[in-house]
Amino acid sequence: MAQTFVNNRILCYTKNVHAGAINLDNGNTMARVRVDNTFLSAELEMEVKLPDLKIVSINGKIIRAFADECKNHATILQKAVGMRVGSGITRMVRETIGGSNGCNIFADMILEGCNALIMGFTVDELDKQLAAESDEAFGQVLVDMLENNPRIASCIAFTEGNDLRKRLGV
Amino acid sequence: MFEFTRSKSIGVEKRENGIYLVHGFLDDNVYTIELDVKVKTPELTIVSSKGYMKRYTTPECPKAPSILDDTVGLKIGGSDFDAKIKKLVGRGGCRHLADLFIECCNSVLPAVLQGQWKTARSNGMSKDDFINNLLTNESALRDRCITYSKGGDLAKRLGVSW
């Protein structure tokens, strides 16, 4: 049936988040995060030292906000310097950078940056693993991934007794 | 040398009878995920949730969105909401799907506020008066962050206290 009537489906709220991580010439890694939504725009960049994964520098800015006062709290980011990107960082960032005496926007952005950094390492590994050129080789890649991955029950792929494990005899 | 980028895009549309439909899209080097979440307001209850894994790493990944059926009936908000979703959707399905799902859910309240602000503005209300009203009437916003904290610069400037 031809469409004859269109309801007003204009979006009342939009949000875009972009996060990325790259290697730097000094051997460290830089994560950059940008958030744009109906109420605010913000950007953040943080340098993480390898291999200890410590945040060595961080800068951010609230460019646009519903309440102008939001633009005045970027110094709070310096509390993240020295934090290690690893176990426990989510709680530490939420309690130190976010919360009633902090900025939840910056806290979310730091965690987004940390995720980009960790995913950056994962991509390299996945790229090698998934380069298999036959079904047989790919099956072996999956066997290796399931047998060697310590993240049991971390997601549906690593659940004990799932179809994939049964099929591959893992 | 590694390089990774992730984009997440959220759009919220207001539908009939207090329903908000949230579209979420995640695209990065490894995954492409789409989500549609319907939320009933003012209760902020999830009434439907559908997801689609378009790019992934294992044959199990496309099954992950089926776990979203278990989110129907959950109420958005509360200090343990994110943790609950990370466990239910993340561990039971996919942590990247859970990440996008949380992003979608957290966009409903701002969408509601945007609607209220649009109406208030068209009635001639100033932004300061709107914020003052919010802080006076919406306890969920008070002390949410340093800007909206009791005794903060904003509260002082607007002369609001609680």
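Chain A is the first sequence line, chain B the second, and so forth, proteins listed ahead of strands; every chain is numbered from 1. Bear in mind the structure is a predicted one, so any value in this text is a computation, not a measurement.
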Using non-hydrogen atoms and a 4.5 Å limit, figure out which bit of B:Arg15 sits close to chain A: side chain, backbone, both or neither. side chain
One should read off an interatomic distance between A:Arg34 CZ and B:Ser7 OG, to the nearest 0.5 angstrom, of 12.5 Å
Under 4.5 Å from any heavy atom of chain A - which part of B:Asp99: side chain
Side-chain contact test, heavy atoms from C-beta onward, threshold under 4.5 Å: evaluate it for A:Leu11 versus B:Val12 and give yes or no. no
Roughly how far apart are A:Ser154 OG and B:Arg95 CZ, rounded to 0.5 Å? 8.0 Å
Value for CZ (B:Phe4) from CD1 (A:Ile118), rounded to nearest 0.5 Å, stands at 11.0 Å
Would you mind checking which part of B:Ile131 comes under 4.5 Å of any heavy atom in chain A, side chain (CB onward), backbone (N, CA, C, O), both or neither? side chain
Most heavy-atom pairs under 4.5 Å with chain B, out of A:Asp127, A:Asn101, A:Val123, belong to A:Asn101
Sorted by number, residues from residues 61-75 of chain B in contact with chain A (heavy atoms, under 4.5 Å): B:Cys61, B:Lys63, B:Ala64
Answer whether the closest heavy-atom distance between the side chains of B:Asn106 and A:Lys15 falls below 4.5 Å. no
Within the supplied structure, the quantity of interest is the number of heavy atoms (other residues, nucleotides, ligands) at a distance under 6.0 Å from B:Lys40 NZ; does it exceed 12? yes
Examine whether an atom of B:Phe130 lies under 4.5 Å from a heavy atom of chain A, and if so say whether it belongs to the side chain, the backbone or both; otherwise answer neither. side chain
What part of B:Leu97 gets closer than 4.5 Å to chain A, counting heavy atoms only: side chain, backbone, both or neither? neither
Part of B:Asn29 lying under 4.5 Å from any heavy atom of chain A: side chain
If you round to the nearest 0.5 Å, how far is SG of A:Cys12 from OH of B:Tyr20? 5.5 Å
Counting only heavy atoms closer than 4.5 Å, note whether B:Glu103 contacts chain A via side chain, backbone, both or neither. side chain
Test of understanding: clusters of I, L, V, M, F, W, Y form through side-chain heavy atoms closer than 4.5 Å, transitively. Do B:Ile102 and B:Val112 belong to the same one? yes
Between SG on residue B:Cys94 and CD1 on residue A:Ile156, distance to nearest 0.5 Å: 9.0 Å
Taking C-beta and beyond as the side chain, do B:Thr58 and A:Leu164 meet within less than 4.5 Å on heavy atoms? yes
Please indicate whether B:Arg142 has more than 12 foreign heavy atoms, meaning atoms of other residues, nucleotides or ligands, lying under 6.0 Å from its CZ. yes
Most contacts with chain B, counted as non-hydrogen pairs under 4.5 angstrom, among A:Ala157, A:Ala19, A:Gly20: A:Ala19
Report, in residue-number order, which members of residues 67-81 of chain A are under 4.5 Å from chain B by heavy-atom distance. A:Ala67, A:Glu69, A:Cys70, A:His73
Can you say whether B:Lys86 sits under 4.5 Å from chain A via the side chain, the backbone, both, or neither, judging by heavy atoms? side chain
In this structure, are over 12 heavy atoms from other groups packed under 6.0 Å from B:Lys118 atom NZ? no
Side-chain contact, heavy-atom cut-off 4.5 Å: A:Arg9 with B:Lys14? no
Does some side-chain heavy atom of B:Pro59 sit less than 4.5 Å from a side-chain heavy atom of A:Asp163? no
So for atom CD, which belongs to A:Glu147, do other residues, nucleotides or ligands contribute more than 12 heavy atoms lying within a distance under 6.0 Å? yes
Any side-chain heavy atom of A:Arg165 sitting closer than 4.5 Å to one from B:Glu60? no
Any chance you could measure A:Tyr13, atom OH, to B:Glu13, atom CD, to the nearest 0.5 Å? 15.5 Å
Toward chain A, the part of B:Phe25 with a non-hydrogen atom under 4.5 Å: neither
Under the side chain to side chain contact (heavy atoms under 4.5 Å, CB included) criterion, do A:Met119 and B:Tyr31 qualify, and how do the steps go? CA-CA 11 Å; A:Met119 286 298 292; B:Tyr31 300 95; 3.9 Å; yes
So, do A:His18 and B:Lys8 sit near enough that their side-chain heavy atoms are less than 4.5 Å apart? no
If you count every heavy atom of other residues, nucleotides or ligands that lies below 6.0 Å from B:Lys150 atom NZ, does the total exceed 12? no
May I ask you to test the B:Gln114-A:Asn37 pair for a side-chain heavy-atom distance under 4.5 Å? no
Tell me, side chain or backbone of A:Ala107 under 4.5 Å from chain B's heavy atoms, or both, or neither? neither
Sub-3.5 Å donor-acceptor pair from the side chain of A:Asn16 to the main-chain atoms of B:Ile10, do we have one? no
For the rings on B:Trp117 and A:Phe66, is their centre-to-centre separation under 6.0 Å? yes
When the 4.5 angstrom heavy-atom criterion is applied to A:Arg167 and chain B, the contacting part is side chain
